[in-house]
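Remarks on the structure that follows.
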Protein chains: 2
Amino acid sequence: MEKKNLHSSSVTVADVARHANVSKSTAARVLGGYGVTSEKVRERVQASAKALKYRPNELARSMTTGKSKTIGVVVGDIENSFFGIAVRSITDVANAHGFNVILANSDENFDVEREAVNVLVGKQVDGLIVTPASRYEIGHLENLKSENCKVVLFDREIPSLDMDTVVSDDQEAAAAVTKQLLDAGHCRLAFVTATEEKDSDADGALHIPTSSVGRRIEGFLTACNEGGIAREDSLIVLNSDPKAGLGVSISKMLDQPNRPTAILASDSHVALEIFKQAQERNIEMPSQLSLIAFHNADWTEVTRPAITVVDQPVAQMGRWSAEQLIKRIEGCTEPALRHVMKMKVINRQSVVPPA
Amino acid sequence: MEKKNLHSSSVTVADVARHANVSKSTAARVLGGYGVTSEKVRERVQASAKALKYRPNELARSMTTGKSKTIGVVVGDIENSFFGIAVRSITDVANAHGFNVILANSDENFDVEREAVNVLVGKQVDGLIVTPASRYEIGHLENLKSENCKVVLFDREIPSLDMDTVVSDDQEAAAAVTKQLLDAGHCRLAFVTATEEKDSDADGALHIPTSSVGRRIEGFLTACNEGGIAREDSLIVLNSDPKAGLGVSISKMLDQPNRPTAILASDSHVALEIFKQAQERNIEMPSQLSLIAFHNADWTEVTRPAITVVDQPVAQMGRWSAEQLIKRIEGCTEPALRHVMKMKVINRQSVVPPA
DNA sequence: TCTTTGATTGAGACCGGTCTCACAAATAAG
DNA sequence: CTTATTTGTGAGACCGGTCTCAATCAAAGA
């Protein structure tokens, strides 16, 4: 006597229609909220729907409308508070517009990212917000426009891609903050990032896959250069041993005889690790080591010294990206935007002149 | 000359079939990887698929199979590192099994949670991992089983619901850690949580909607009681003014003449706020104020004093919940499990005898 | 050589919605 | 009172897959 065997015992428009003694079309009209129906029929159908506990199958709806009301978000790692905040503001905006968010972590690994993007597109997301792990590997993003899938790039840009992008003024902020270190009198500086070391090409130039980090490094080096710092005294510390973690690179840096007197950390995780290792080594901060970190993580103001940070407007960036994406999904066709958001330095206690 | 007008220009099995000169059924068989096909045809179809850049529409697939290969995760707030870690481990397990995760934040608000659950079920998720905001409002969860949607409760239990649940030993850990404070000689204690104050009923008993917090409070009170602490010296501080935030409740507590000499913070956000306010007031820690926090947040070991914490195995809990959910989705029908994970106290420097 | 068997393939229904179109009844205009 | 409109309803195609079932064909057994 069962009616549906394999498929869930869910009730469909047809069931409601039967119960209300109307055609499937009519029931669909009132339940779907389109077309016209008479008051009487509408009430009858709604009553039946309530009685049968009808709940529309959004999948089927998406199937015919071609819009899934879902967006995909691919970030590096949701555990990182930077992305946590971003995802939060994105989901808030999305929900407010009736969208849901499918979340994927790339672990800053390009292959994982591509796979995630492909799966999400397969699931027919209406759009994608991506923090591309690499500005060089972009094949998976190139063809998305033809797939009816809009894309917004978050925090990292890929100029060749002609897509909506929100970034912060990484280069300018890094330069400004480096200059601040220089002005305080430091002349052995380091920029530390968890980005993995990639082979630099023939000319020996660094090719940092993460565009935001790359631009920060540019800003750092430019400022160092203008400040007359010798190349060997403006260190770039990358994650030389991904399996062992960034910790060993930081150890190496801190243990070298002429260690830097000031460090610029490219995110709060990095800053935390530096802070820990300095504590372990009894390196007095800020007197023996000045530190500035990107991202105003919540804990940076309770350490002693409290950490001077470059505050990235993460939530606003997230909001912008989601709003822009939804505009696109709703049909906006203006040329791709590149939205740059200004960062703000929050001066605390972790920067003083070198001993 | 366009072929598909409204719907995206995506290529379907039918397109591939036409191109490969086989029937739709046959093309579907090779592309869907089911049934049998001859080697020759298989190669031909695959070649056509490649040529046309065919990509399966997972929505359509879900439509007929009844499985969306998607799970919904409803947490309080993804910005909170506790949930960040949980969601990370959940998505990892999910992905490893071919599932995607739709994320929703409830803000610990029951109405938002119910709405989220309904939307997710409408999107035909195969299962749901929920951190229910309230153990009293459960109507939205009760009927899910009949909807072909499995559920696992994360970090909070609802005994009446008979669902798979993973929690930690909140009551025991809270009692143990309270006893530790007592043993150190404290006799004015407070338990602080961001949970909102609800009207207590006629008998004046507290009814904490968040089960984990409720059990921690029970543990705290039990230990206080056994330690002979007067009821008025075992303070429970709730979020009395949600609009203004927990900060004001903490201020009030800290500013009262007989403020507690030891505090148990129910999560790391709370602990951070307490730490900040103590710093602002020049309350010396740990000498004038001992502190223990739930959740081993990354920053708790770099503050001075470093904070003694109750380490919850968040990642393992996340993993368990995802694995259990997937087992259910795959058909497991054993009776509902209640999995309790042990927490571990990490002793650092924030607990000393009162002055 | 004729039937039996097994391997492939094609036709078409189905999932649960949306949407177009034709038709009938009711109302307005001539 | 007839004709033109409007309004509400039903029949059925469609979205892009899966899946059942019958048909075809070649190899194998009688």
Side-chain angles (χ1 to χ4, degrees), chain A residues 3-45 48-49 52-69 121-124 126 147-148, chain B residues 3-45 48-49 52-69 121-124 126 147-148:
Chain A
K3 14 192 288 198
K4 314 293 176 59
N5 19 13
L6 268 176
H7 285 264
S8 69
S9 56
S10 67
V11 357
T12 74
V13 278
D15 296 326
V16 176
R18 212 167 302 132
H19 184 276
N21 256 314
V22 295
S23 72
K24 185 187 162 197
S25 321
T26 302
R29 264 188 289 263
V30 3
L31 296 174
Y34 56 89
V36 283
T37 45
S38 68
E39 178 101 14
K40 279 172 56 180
V41 168
R42 203 174 315 136
E43 282 170 1
R44 194 142 46 92
V45 171
S48 296
L52 300 180
K53 293 185 183 168
Y54 168 76
R55 161 180 284 155
N57 181 333
E58 298 295 341
L59 242 47
R61 193 168 277 179
S62 301
M63 184 87 257
T64 62
T65 61
K67 340 227 91 266
S68 65
K69 283 289 182 174
V121 174
K123 291 226 166 160
Q124 308 299 111
D126 295 331
E147 298 262 8
N148 196 29
Chain B
K3 15 191 290 196
K4 313 292 177 61
N5 20 13
L6 269 175
H7 285 264
S8 69
S9 57
S10 66
V11 357
T12 73
V13 279
D15 297 325
V16 175
R18 212 168 303 132
H19 184 276
N21 257 313
V22 295
S23 73
K24 184 187 162 198
S25 322
T26 302
R29 264 186 290 261
V30 3
L31 296 174
Y34 57 88
V36 283
T37 45
S38 69
E39 178 102 14
K40 280 171 58 180
V41 168
R42 202 176 314 137
E43 282 170 2
R44 194 142 47 92
V45 171
S48 296
L52 298 180
K53 293 184 182 167
Y54 168 77
R55 160 180 286 153
N57 181 333
E58 298 295 341
L59 241 48
R61 193 167 277 177
S62 300
M63 183 87 257
T64 61
T65 59
K67 339 226 90 270
S68 64
K69 282 289 181 178
V121 174
K123 291 227 165 158
Q124 309 297 113
D126 295 331
E147 298 263 6
N148 197 28

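From a predicted model like this one, the values you see are computed outputs, not experimental measurements.
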>> Tell me which residues in residues 25-35 of chain B lie within less than 4.0 Å of DNA chain C, going by non-hydrogen atoms.
In response: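 Nucleic-acid contacts, sorted: B/S25, B/T26, B/R29.
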Given atom [atom1] of [X] and atom [atom2] of [N], what is their separation to the nearest angstrom?
X	N	atom1	atom2	answer
B/E58	D/dC15	CD	C1'	15 Å
A/N21	D/dT9	CG	P	13 Å
A/K123	D/dG16	NZ	P	18 Å
A/R55	C/dG16	CZ	C1'	15 Å
A/M63	C/dC14	CE	C1'	13 Å
A/R61	C/dC15	CZ	P	18 Å
B/N57	D/dG17	CG	C1'	7 Å
A/L59	C/dC15	CG	C1'	10 Å

>> Just to verify, what does A/N57 make a side-chain hydrogen bond (donor to acceptor under 3.5 Å, both in side chains) with, not counting sequence neighbours?
In response: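 By the side-chain hydrogen bond (donor to acceptor under 3.5 Å, both in side chains) rule, A/N57 matches no residue at all.
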> Can you list the residues that meet the side-chain hydrogen bond (donor to acceptor under 3.5 Å, both in side chains) rule with A/K123, with sequence neighbours excluded?
Replying inline: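 Partners of A/K123 by the side-chain hydrogen bond (donor to acceptor under 3.5 Å, both in side chains) criterion, ordered by chain and then number, come out as B/T70, B/N100.
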> Out of D/dA11, C/dG10, D/dG16, which has the shortest distance to the side chain of A/S23?
Replying inline: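 Closest nucleotide among those given: D/dA11.
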> Quick one: which of C/dG16, D/dG16, C/dT9 gets closest to the side chain of B/A60?
Replying inline: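 When the side chain of B/A60 is considered, D/dG16 is the closest of C/dG16, D/dG16, C/dT9.
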> Do you know the tightest heavy-atom contact between B/S68 and B/S62?
Replying inline: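 Shortest heavy-atom separation between B/S68 and B/S62 comes out as CA-OG, 3.4 Å.
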> OP1 or OP2 of D/dT9 less than 4.0 angstrom from a side-chain nitrogen or oxygen of A/S38, does that happen here?
Replying inline: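 True: A/S38 side-chain N/O within range (under 4.0 Å) of D/dT9 OP1/OP2.
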> When you check the phosphate oxygens OP1 and OP2 of D/dT18, does a side-chain N or O of B/T64 lie under 4.0 Å from one of them?
Replying inline: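 For D/dT18, neither OP1 nor OP2 has a side-chain N or O of B/T64 closer than 4.0 Å.
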> Should B/S38 and B/V41 count as side-chain neighbours, where that means a heavy-atom distance under 4.5 Å?
Replying inline: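 Yes, side chains in contact.
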> If we only count heavy atoms from C-beta on, is the B/D15 to B/Y54 side-chain gap below 4.5 Å?
Replying inline: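 No, their side chains stay 4.5 Å or more apart.
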>> For D/dG12, does the base pair up with any side-chain atom of A/K24 as donor and acceptor (N or O, under 3.5 Å, distance only)?
In response: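 Absent.
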>> Determine whether a donor-acceptor pair (N or O, by modelled atom type, separation under 3.5 Å) exists between the side chain of A/D126 and the backbone of A/K69.
In response: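 A pair under 3.5 Å: yes.
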> Which residue, B/Y54 or A/T37, contacts DNA chain D at a nucleotide closer to its 5' end, judged by nearest heavy atom?
Replying inline: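 Closer to the 5' end of DNA chain D: A/T37.
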>> Taking the axis from the first five pairs and the axis from the last five, what angle separates them in the helix from C/dT1-D/dA30 to C/dG30-D/dC1, rounded to 10 degrees?
In response: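 Comparing the first five pairs with the last five, the axes sit 50° apart.
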> Who passes side chain to side chain contact (heavy atoms under 4.5 Å, CB included) against A/T37, sequence neighbours left out?
Replying inline: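 Here the qualifying residues are A/T26, A/R29, A/V30, A/R42.
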>> Using 0.5 Å steps for rounding, measure from the OG1 atom of B/T12 to the CZ atom of B/R18.
In response: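 Rounded to the nearest 0.5 Å, the OG1-CZ separation comes out at 6.5 Å.
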>> Once salt bridge (Lys or Arg N to Asp or Glu O under 4.0 Å) is applied, do any residues pair with B/R61, and if so which ones, sequence neighbours excluded?
In response: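 Partners of B/R61 under the salt bridge (Lys or Arg N to Asp or Glu O under 4.0 Å) test: B/E58.
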